K.L.:
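Have a look at this one before I ask anything.
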Amino acid sequence: MAERFRDSTTWPDRWPALVRCPRCDACARVVPVDDGRRSVVRLTCSSCALTREGRSGGPSRGEVRLEPVEEGRTWRDPDTREISTWPDTPDQVHPLWLRAPCCGGELLWAANEEHLAYLEDYIGASLRERPEAVISPMGRRWVGKGLSWQLPDWMKSAKHRDEVLAVLAGLRATLPASEALRPN
């Protein structure tokens, strides 16, 4: 356990995100596709060679959602003039590889090894320092804040530290050999 953690205003990278392959349940990777299309990502599984593309806002709430790239996902209701979207189907929602229940039913998750290392360092530190928040001219509250501002209170609580660290260690043990870059 580290004595001191100094939070940075740069957040851990959310890509590549590690997810469960919908075909074989192995660890698959979701990475951005650099072809000029905004927010398009590709899911690839090295175990069963599954490949899927879709739009995604990134890992959130322990999952990655892949919406179809093609247009026509929304329509305007002729009576109410409201814009509606087709509902998500089960094959669009991919649970993250690094996720587990913790602290009485809360969901603890990490997008990848870098995110997991950040959580281990932050939760394990007895002294946590963070930079001052900066309000941008546009009024955005999160400018200049580190990821620790977004973590839930149950995760930051000292009374849950041992349980959270134990779950994080369990998640680290599930990393595939190619992803486990950091020693325990």
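These numbers were taken from a predicted model, which means no experiment stands behind them.
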K.L.:
Please check: side-chain N/O of Trp97 versus main-chain N/O of Thr174, any donor-acceptor pairing under 3.5 Å?
P.N.:
yes
K.L.:
For Leu119 and Val164, what are the C-alpha separation, side-chain angles and deciding distance, and is it a side-chain contact (heavy atoms from CB on, under 4.5 Å)?
P.N.:
CA-CA 9 Å; Leu119 291 174; Val164 172; over 6 Å; no
K.L.:
What's the verdict on salt bridge (charged side-chain N to carboxylate O under 4.0 Å, His left out) for Glu114 and Arg14, showing C-alpha distance, side-chain angles and the deciding distance?
P.N.:
CA-CA 8 Å; Glu114 183 181 352; Arg14 62 184 174 173; over 6 Å; no
K.L.:
Just by modelled atom types, is the Gly62 backbone N or O under 3.5 Å from a matching donor or acceptor in the Arg99 side chain?
P.N.:
yes
K.L.:
Of all the heavy-atom pairs spanning Pro32 and Val41, show the shortest one and how long it is.
P.N.:
CA-CG1, 3.9 Å
K.L.:
Supply the atom-to-atom distance His94 NE2 to Glu63 CD, rounded to the nearest 0.5 angstrom.
P.N.:
10.0 Å
K.L.:
Within the structure provided, determine whether Cys21 and Cys48 are in side-chain contact (heavy-atom separation under 4.5 Å).
P.N.:
yes
K.L.:
Under 4.5 Å between any side-chain heavy atoms of Cys24 and Leu50, yes or no?
P.N.:
no
K.L.:
Using atom types as modelled and distance alone, determine if a side-chain donor or acceptor of Glu163 lies under 3.5 Å from a backbone N or O of Cys103.
P.N.:
yes
K.L.:
Counting C-beta onward and ignoring hydrogens, is there a side-chain heavy-atom pair between His115 and Leu98 closer than 4.5 Å?
P.N.:
no
K.L.:
State yes or no: do Trp154 and Leu151 share one hydrophobic cluster built from I, L, V, M, F, W and Y residues joined by side-chain heavy-atom distances below 4.5 Å, directly or via other members?
P.N.:
yes
K.L.:
With a 4.5 Å cut-off on side-chain heavy-atom distances among I, L, V, M, F, W and Y, is there a chain of contacts connecting Leu96 to Leu107?
P.N.:
yes
K.L.:
Atom CG in Leu175, atom CD in Glu113: separation rounded to 0.5 Å?
P.N.:
6.5 Å
K.L.:
Is a side-chain N or O of Thr51 found less than 3.5 angstrom from the main chain of Thr44, in a donor-acceptor match?
P.N.:
no
K.L.:
Of all the heavy-atom pairs spanning Pro59 and Trp15, show the shortest one and how long it is.
P.N.:
CD-CH2, 4.2 Å
K.L.:
With a 4.5 Å heavy-atom cut-off, do Val64 and Leu43 have their side chains touching?
P.N.:
no
K.L.:
State the CZ-CG distance between Arg172 and Leu165, to the nearest 0.5 angstrom.
P.N.:
12.0 Å
K.L.:
Apply side-chain contact (heavy atoms from CB on, under 4.5 Å) to residues Leu18 and Arg29 and explain how you reach the verdict.
P.N.:
CA-CA 5 Å; Leu18 304 176; Arg29 295 167 49 99; 3.9 Å; yes
K.L.:
Any chance you could measure Ile123, atom CD1, to Tyr118, atom OH, to the nearest 0.5 Å?
P.N.:
9.0 Å
K.L.:
If you compare all heavy atoms of Leu108 against all heavy atoms of Leu171, which two are closest, and at what distance to 0.1 Å?
P.N.:
O-CD1, 4.4 Å
K.L.:
Closer than 3.5 angstrom, by distance alone: can the side chain of Arg65 be matched with the main-chain N or O of Ser56 as a donor-acceptor pair?
P.N.:
no
